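First the structure, in the form of structure tokens, and then the observations on it.
Naming convention: chains lettered A, B, ... in sequence-line order (proteins, then strands); numbering from 1 in each chain. On a predicted model such as this, the values are computed, not experimentally measured, just so you know.
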2 protein chains.
Amino acid sequence: MLTPERHQVILSLLQDRKTVKMKELVEATNASESTIRRDLSFLEENKKLRRVHGGASIKSAASEELSLQEKKTVHLAEKQAIAKYAASLVREGDSIFLDAGSTTYEMIPFLAQKNILVVTNGLSHLETLTSSAIETYVIGGRIKRKTRAVIGAHAVQSLKHYRFDKSFLGINGVHPKEGFTTPDPEEAVVKNTALQLSGETFILADASKLNEVTFAKVAEVQDAVIISDAPDDLLPPFKELTEVKVVTS
Amino acid sequence: MLTPERHQVILSLLQDRKTVKMKELVEATNASESTIRRDLSFLEENKKLRRVHGGASIKSAASEELSLQEKKTVHLAEKQAIAKYAASLVREGDSIFLDAGSTTYEMIPFLAQKNILVVTNGLSHLETLTSSAIETYVIGGRIKRKTRAVIGAHAVQSLKHYRFDKSFLGINGVHPKEGFTTPDPEEAVVKNTALQLSGETFILADASKLNEVTFAKVAEVQDAVIISDAPDDLLPPFKELTEVKVVTS
DNA sequence: CATTTTTCAATCAAAAACAATCAATACCAA
DNA sequence: TTGGTATTGATTGTTTTTGATTGAAAAATG
């Protein structure tokens, strides 16, 4: 396992659990304790985490979101499997909304060369979309630096200029009772608006998102189709409420 | 396998996996370790990836910023002089429109850390604006691939959500009779709209733009203040019509 | 508070990966 | 073809990374 990969594993484990023990890191990476110690020193040096006796803990305020770059590498294979399936649902001639986020980003390679129109609020998508010869529209509004997404009231206004055959949304939490949730209310309202404007909406949620709940509600579970790689035992509560597409990675 | 083909294989593997080991690359390309090493060195040299012990990893967002900064432009010194002066006109608390284009781009370093709000249609500006801690809004609309600008009817609609203290526009032609002109009518209407919505409008035009005329009209010369590095003998016809700020580079 | 246990930083030797070099081969233009 | 150039893979010695070991420091225990 390469050093940057190890660092990512450490950071994403931390993100999940808030604190992590030395032993867990050694297991997760198959590296020695010494190596992990060196990694932790390095990452602390770079302000990515705080070392504590026996392991490490996240640095900033709890539940802060991962930067986009960090998100891109965690659960990558799962995300790509989900993205590939999602992209297969897009037909020639479709107009689609592509939400900001790492999973939806992975859809783009599978959309290349299709004769479609894409509207997005994800600034990180734009370069890849346009260089894939896809007709691309961006919505207007305030830029959230951390996720490089366009959000806010203007974004919602701007979205309403369009209608979509299909929307593809990333999400942070999917819960049978609490519905789809995301940490930032301003992002939530954008996602909800896209959903309202779409014929069909697909929620791309890897297994780690299921039964999670975060701050801001986007919609009820029954308002969209879920695409996930979750194992069978997690799914029954969701299958009662909506269509669930299961992919394997 | 040819060298460019090998490079392509390496980059696309990296794109998929975010990190890749030497051994995997040797297998994927049937080349020797030495050759792969040379490839990696070359690709790192060209900022396409980051070498790490044991293989390579994709470049982080932070280092991508650099390559943007390094972009070379024609008439750079002139543009920077114009940009520096233009930026000096921006006051704390201002809301400004920053047009797409290379001259306006050069304003950003001089705006950094100011407490202002910037609305732009230039996608290339966004990364630098946000990482300069400037509150940034993008307008919505279709993306013109060539200039990475947001244009079209939706862009105009989206612009109308805002009002500006000042607008800073790039331009292709400035002519006493024909006014300000630019080749793309869809860009012209965006510039014109920004002008309408601004208290003051400044046209950033290096000497090569003076007395030029291109296809689509943006506004009359008297509708905006011109900032230019043009020599004195070119200026009198313009000074009769509007205010002209001359900078030296 | 003394003792035991755990975790830590520092050190070191082995292993892996490295850059530098060189000879062999492929390629190209005269 | 021939002479020259570029690319390649093998080999070399060097550097970096790694995991084990150590005694010191910090926490846990009684």
Base, sugar-phosphate alone, or nothing: which one does B:V26 contact when heavy atoms must sit under 4.0 Å apart?
nothing
The reported gap from CD in B:E106 to NZ in B:K84 (rounded to nearest 0.5 angstrom) is 12.5 Å
A:H53 atom NE2 is separated from D:dA26 atom P, nearest whole Å, by 9 Å
Has A:R37 got a side-chain N or O lying under 4.0 Å from the OP1 or OP2 atom of C:dC8?
yes
Gap between atoms NZ and C1', on B:K23 and C:dC18 respectively (whole Å):
18 Å
Is it true that the side chains of A:Y105 and A:T128 contain a donor and an acceptor less than 3.5 Å apart?
yes
Specify the separation, in whole Å, of atom CZ of B:R38 and atom C1' of D:dT11.
13 Å
Between B:F42 and B:H7 (judged by ring centroids, cut-off 6.0 Å), do the two rings come close enough to count as a pair?
yes
Rounded off to whole Å, could you give me the CD-to-C1' distance for the A:E33 and C:dC8 pair?
9 Å
Would one find a side-chain N or O of A:S34 under 4.0 angstrom from OP1 or OP2 of D:dG19?
no
To the nearest Å, how far apart are A:L25 CG and C:dC8 P?
11 Å
Flag the pair B:Y137 / A:I143 as yes when at least one side-chain heavy-atom distance between them is below 4.5 Å, and no otherwise.
no
Can you measure A:R51 atom CZ to C:dC8 atom C1' for me and round it to whole angstrom units?
8 Å
Between B:K21 (NZ) and C:dA16 (P), how many Å, whole number?
14 Å
D:dT21 phosphate, OP1 or OP2, under 4.0 Å from A:S32 side-chain N/O
no
Could you tell me how far apart B:M22 (CE) and D:dT16 (P) are, to the nearest whole angstrom?
16 Å
Result for 5'-nearest mapping on DNA chain D, choosing between B:T35 and A:I36, is B:T35
B:T3 or A:D39, whichever maps to the more 5' nucleotide of DNA chain D
B:T3
Take a 6.0 Å sphere around NZ of B:K48 and say whether it holds more than 12 heavy atoms from other residues, nucleotides or ligands.
no
